[in-house]
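A short worksheet on the structure shown next.
As the structure lists them, so they are numbered: ligands from 1, and atoms in each ligand from 1. These figures come from a predicted structure and were not determined experimentally.
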Amino acid sequence: MRKKFIAGNWKMNTSRADGTALAAAIAAKVGQSTDVEVAVCPPALYLEAVGKAISGSTVGLGAQNCYHEAKGAFTGEISPPMLVDIGCKYVIVGHSERRAILKESNHDVNRKLLAALSARLLPIVCVGETLDERKAGRTTAVVREQMEGSLAGLTAEQMAQVVIAYEPVWAIGTGVVATPEQAEEVHADLRKLLETRYNPQLASSVRIQYGGSVNADNAAILLSQPNIDGALVGGASLKAEGFLAIVAAAKAAS
Ligand code: PEP
């Protein structure tokens with residue numbers, strides 16, 4: 001039984017005050033509940049403040065990125081052990097904005113993933129096709145290539161710690177959400193790939209989140225699909241009410 005996992009990716013949004021208030025409102029409602037796994041991923045600069053705001057609740061703290069080395073002369077970078085030190089449990093790697101804007105390759109994502117796992121962070125690995133790739137009928141090939149490249153060298157034991165987020169690029173921040181059928185088709189294929197790479201038992205235990213314009217209105221139908229185990233939420237995670245409605249939908253779909 002895979003526990004639904006709802007994570008909010010705040011991206012480069014909120015102020016310190018707004019972020020801590022948002023986190024406190026989410027933590028107040030989630031409280032000690034463990035029905036759904038919930039995490040917030042604020043900007044790195046606010047991790048410590050947000051960590052304080054959610055302390056005492058079951059809401060977990062996640063970072064949006066990390067570097068692939070533990071320490072050293074890497075000006076401006078933040079290492080996985082530093083994220084653990086500040087209270088992080090999760091880290092997002094391979095978000096499409098980082099792949100597209102910062103030119104992160106599957107190899108970069110793989111190095112970050114391995115470094116995160118070494119520090120005992122739980123990584124959320126993002127994959128997803130562009131609109132052109134979907135129109136060209138290349139969705140399966142693209143996400144499979146991203147999976148193979150990003151997960152290179154991971155043992156089954158390591159894979160058991162990883163969450164996958166399927167985020168079609170054309171659905172991110174656009175208001176155009178994938179249909180439940182479109183999302184389910186890719187999720188089922190990703191699980192099949194995990195079965196081939198590892199084994200059926202592991203494949204059936206790995207959580208695969210959907211991300212891309214998830215909101216309070218469309219969450220229930222998406223989260224009721226058999227292979228959709230949660231959501232990585234961008235825009236709708238910036239308001240407590242909307243985010244908590246998605247958490248409630250996940251609970252109802254569990
Ligand atoms: C995201 O950036 O991970 C995301 C899914 O954004 P949005 O929900 O705003 O589409």
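- The SG atom of C41 lies 6.0 Å from the CG atom of N9; values are rounded to the nearest 0.5 Å.
- For ligand 1, the 4.0 Å heavy-atom shell contains residues N9, K11, H95, E167, A171, I172, G173, G211, G212, S213, L232, V233, G234, G235.
- Using the six-membered ring where Trp is involved, H68 and F74 have ring planes that are tilted, between 30° and 60° apart.
- Taking 4.0 Å as the cut-off between side-chain N and carboxylate O, K112 and E104 count as a salt-bridged pair.
- Taking a cutoff of 4.0 Å between a charged side-chain nitrogen and a carboxylate oxygen, K135 and D132 do not qualify as a salt bridge.
- A salt bridge does not link K3 with E37: every distance from a Lys NZ or Arg NE/NH1/NH2 to an Asp or Glu carboxylate oxygen is 4.0 Å or more.
- A salt bridge links D189 to R144: one of the charged nitrogens lies within less than 4.0 Å of a carboxylate oxygen.
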